[in-house]
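Taking it in order: structure first as structure tokens, then the write-up.
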Amino acid sequence: MAFLGSAVRRVVSAVRPSLSPLSRASTRSYSSEPTKEKNVPYAKTLKQDEGASIGPTKPLPRSADVVVIGGGSLGCQTVYHLAKMGMTNVVLLERDRLTAGTTWHTAGLLWQLRPSDVEVELLAHTRNVISKDLEEETGLHTGWIQNGGLFIASNKQRLDEYKRLMSLGKVYGIESHVLSPAETKDLYPLMNVNDLYGTLYVPKDGTMDPAGTCTTLTRAASARGATVIENCPVTGIKVHTDDLGVKRIKAVETAHGTIETPCVVNCAGVWATKLGDMAGVKVPLIAMHHAYVVTERIEGIQNMPNVRDHDASVYLRLQGDALSVGGYEQNPIFWDEVSDKFAFSLFDLDWDVFMQHIEGAINRVPVLEQTGIKSTVCGPESFTADHKPLMGEAPEVRGFFLGCGFNSAGMMLGGGCGRELAHWIIHGRPEKDMYGYDIRCNVNYKYNDLLGKEYTFGFPPHHDVIKSECLTCRHGVAVFDMSYFGKFYLTGPDAKKAADWLFTADVNKKPGSTVYTCMLNKRGGAEADLTVSRLEPGAASLPLAPESNGDAYYLAIGGGVAEHNWNHIRTVLQDEGFKCQLTDHSEDMGMISIQGPKSRDVLQEVLDTDLSNEAFPFSTHKVVSAAGHQVNNDFIKSGDFTLERMGVTYKAKAHLKSPFDPENKRVKGIYA
């Protein structure tokens, strides 16, 4: 028998214990005008059910309103909530058996408190579904165990975080208690509390059973009319282009037939990237090995709460009279070549990587050093760069939704996210603020990286610098580089109709006006706030602005939400049929903001134009250059231009239209 303590010593001496794995348990524009595993000796595949090779468990329908692909936690929760919301012509396709990919080996922990209020609400719904709703609807027990949860604070900053979580929990009616080391010892006698500042105890946290939960979810969904089909791998996804040039989902292909559908939901876990490739959708997640070990029986561990030590990156899950010990490594093993044949399967555990969790676990519960290891579990999990799930409609293809990349929290967040995803599909948007999970959010938000170095519950390291800047802006003048903002142009015959639909304020003031407004979504909620400037009709008067003979608008949108807002506006133009062109010049244009009571004085020094309050009132804009000339056609024609190439300067001429085929005749086949 191997012991946890001896495992640590053996790893240090570079000797691996022989343990068997657990058996089965740039500028863009939108116009409405038309297996051998890397770093692993080998992967072990467990024996499949006899029925796995005989084809689908049910006949495939010819069509469906929605096809959910993937029978894990998210797929089962999504089809359940779709059916519960009244959409019954729904099909779930699972390539093997329910939970066969990653869900079957999940630890199943549910912690009710997280720093985000939205996530607290999502977790609360998951808990309600598995502990109450499903049993009331089906009469079946999901396997939910309410044994409580305990967060470990080994420093003051961590304890401060837990105190804030306790306050947040009170708003949502979640019982929690900050315990002293002595109180923690009374609750969990086997725990070492000598190095603790305190703990956060949540009595109604608990443990989920993946198989029991998913089975009950699909039974409840089937009772409402949904169809669940196992042993049916997807081989392709058909996409068509409509009359407006928009790509849309058309059908799902399998070896056993094709299902016509306008909507596909990608809940394929680590296989989600391959599924996305079938539709031309990029799914930015990676597959990693994730592991835990199951101990032999531990006297006195019965009924103890689950434990999470964030600083040691380890968790201890109660498993009857034993513990599951796992965590998250800083040096994980990637699964680069994801196998389609991998079902109810495990990898060999790499003890060199896993060792850090054992040390943290033994420090927290010393009895583990002399406790035997009954089995190991090392399976694949999907992770994303920002540790947030991928949800919502893909920007590349309408009707292709994502519910994947849950960073080993698919069971815990499944209920809440399954409901939001169902609402998204039916109503066009989620009920809650899911921006952080939305696949359409910015992929490279550098400001987040900078903020990450400043996060603190007290004053940040550069507080004095920030104070000085704020006072300077309040009493003098400050210049802000806001070039990270999104910069869009909205033009075309229906630009005014689109603006009236999108924005809460009346942006149709006289040309030259700038209006601060909110942008609405389809359900009347606020999508974003931005400024909208109405432009002069005719030739372009702003840099890179498209020429427009009618209404034209310049939109300045916060950089952190620019990608999300671009997709929202584009979706509205498509769905409402507005004949407009939306052009993105975010990367091509800069933006400087001069603020403070002396801002006009500074501008007046460099611009030869009247900037008094009478000539340049609040909520207006001016198009000027630095000699004070308006940037119009005459100004461009009167300028002298040169180009330099490899050190040689050439005289150049500016053209308002392309000098080559200015009337676009050659595109139409007219070469005369």
Side-chain angles (χ1 to χ4, degrees), residues 57-94 98 118 121-122 124-140 142 213-230 248-252 259-267 389 391-394 398-404 410 413-434 437-438 520-525 571-572 574-576:
T57 54
K58 295 178 183 177
L60 272 66
R62 293 176 60 88
S63 64
D65 293 331
V66 180
V67 175
V68 180
I69 303 174
S73 171
L74 256 296
C76 294
Q77 289 279 10
T78 301
V79 76
Y80 164 74
H81 282 92
L82 283 169
K84 195 167 184 178
M85 292 180 186
M87 185 172 278
T88 56
N89 186 21
V90 180
V91 176
L92 184 148
L93 297 179
E94 163 55 42
L98 295 180
V118 172
E121 294 175 1
L122 296 174
H125 183 69
T126 299
R127 188 183 181 283
N128 286 338
V129 168
I130 63 170
S131 67
K132 181 174 70 71
D133 294 352
L134 285 174
E135 189 164 355
E136 291 177 356
E137 293 176 30
T138 66
L140 301 173
T142 64
T213 299
C214 289
T215 298
T216 311
L217 283 167
T218 53
R219 288 195 182 183
S222 298
R224 294 177 181 271
T227 302
V228 178
I229 304 175
E230 299 174 88
R248 298 182 182 273
I249 290 295
K250 184 178 183 181
V252 173
I259 304 175
E260 299 285 334
T261 183
C263 182
V264 164
V265 190
N266 184 351
C267 297
M391 292 182 62
E393 190 175 28
R398 299 298 306 276
F400 189 96
F401 285 80
L402 293 96
C404 52
L413 291 170
C417 287
R419 179 176 66 173
E420 293 306 307
L421 196 50
H423 199 279
W424 219 324
I425 293 164
I426 295 171
H427 300 290
R429 64 171 291 102
E431 197 169 30
K432 301 186 186 305
D433 179 9
M434 301 295 288
Y437 292 9
D438 196 331
L520 293 179
N521 56 49
K522 290 185 176 182
R523 294 180 61 81
T571 298
V572 169
Q574 293 172 357
D575 292 350
E576 300 301 317

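Position 1 is the first residue of the sequence; numbering continues from there.
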Nearest heavy atoms of M391 and W424, plus distance in Å: CB-CZ3, 3.9 Å

Please check if the side chain of T57 supplies one atom and the backbone of E230 the other of a donor-acceptor pair under 3.5 Å. yes

Straight-line distance of N521 CG to H427 NE2, nearest 0.5 Å: 12.5 Å

Are V67 and V265 packed together at the side-chain level, in the sense that at least one heavy-atom pair is separated by less than 4.5 angstrom? no

Output yes when a side-chain donor or acceptor of E431 lies under 3.5 Å from a complementary backbone atom of H423, and no otherwise. no

How close do G414 and L74 get, counting heavy atoms only, and between which atoms? CA-CD2, 3.8 Å

M434 vs V118, side-chain contact (heavy atoms from CB on, under 4.5 Å): CA-CA, chis, key distance, verdict: CA-CA 8 Å; M434 301 295 288; V118 172; 4.1 Å; yes

Over all heavy atoms of both residues, which pair between A422 and M85 is shortest? Give the atoms and the distance, please. CB-SD, 3.9 Å

Distance, nearest 0.5 Å, that separates CG of L93 from SG of C267: 11.5 Å

Side chain T142, main chain T213, donor-acceptor under 3.5 Å: no

Test log, rule side-chain contact (heavy atoms from CB on, under 4.5 Å), inputs E135 and L140: CA-CA 5 Å; E135 189 164 355; L140 301 173; over 6 Å; no

With a 4.5 Å heavy-atom cut-off, do I229 and L92 have their side chains touching? no

Just verifying a value: how many Å separate T571 OG1 and R429 CZ, rounded to the nearest 0.5 Å? 11.0 Å

Greater than 12 external heavy atoms within 6.0 Å of R224's CZ: yes

Decide yes or no on side-chain contact (heavy atoms from CB on, under 4.5 Å) for V66 and M87, but give the supporting numbers first. CA-CA 9 Å; V66 180; M87 185 172 278; 3.3 Å; yes

Between I425 and F401, is the side-chain contact (heavy atoms from CB on, under 4.5 Å) condition met? List the steps. CA-CA 8 Å; I425 293 164; F401 285 80; 3.9 Å; yes

Set of residues satisfying side chain to side chain contact (heavy atoms under 4.5 Å, CB included) with respect to H125, sequence neighbours excluded: H81, V129, R419

Are the charged groups of K250 and E260 less than 4.0 angstrom apart, N to O? no

How long is the straight-line distance from CG of L421 back to CG of L82, given to the nearest 0.5 Å? 7.5 Å

Closest non-hydrogen atom pair between A221 and A83, with its separation: O-CB, 4.0 Å

Can you tell me how far the SG atom of C263 sits from the CD atom of E393, to the nearest 0.5 Å? 7.5 Å

Is the closest side-chain heavy-atom distance between D65 and T261 below 4.5 Å? no

Okay, side chain of T78, backbone of G75: is any donor-acceptor separation there less than 3.5 Å? no

Are the side chains of I249 and R398 in touch, meaning some heavy atoms are under 4.5 Å apart? no

Shortest non-hydrogen pair, E94 vs G71, comes out as OE1-N, 2.7 Å

Over all atoms of both residues, closest heavy-atom pair of C76 and L98: SG-CD2, 4.1 Å

So, does S73 use its side chain to make a donor-acceptor pair with the main chain of G410 at under 3.5 Å? yes

Hey, what do you get for OG1 (T126) to CG (D133), rounding to the nearest 0.5 Å? 11.0 Å

Partners meeting side chain to side chain donor-acceptor pair (under 3.5 Å) with K84 (sequence neighbours left out): Y80, E137

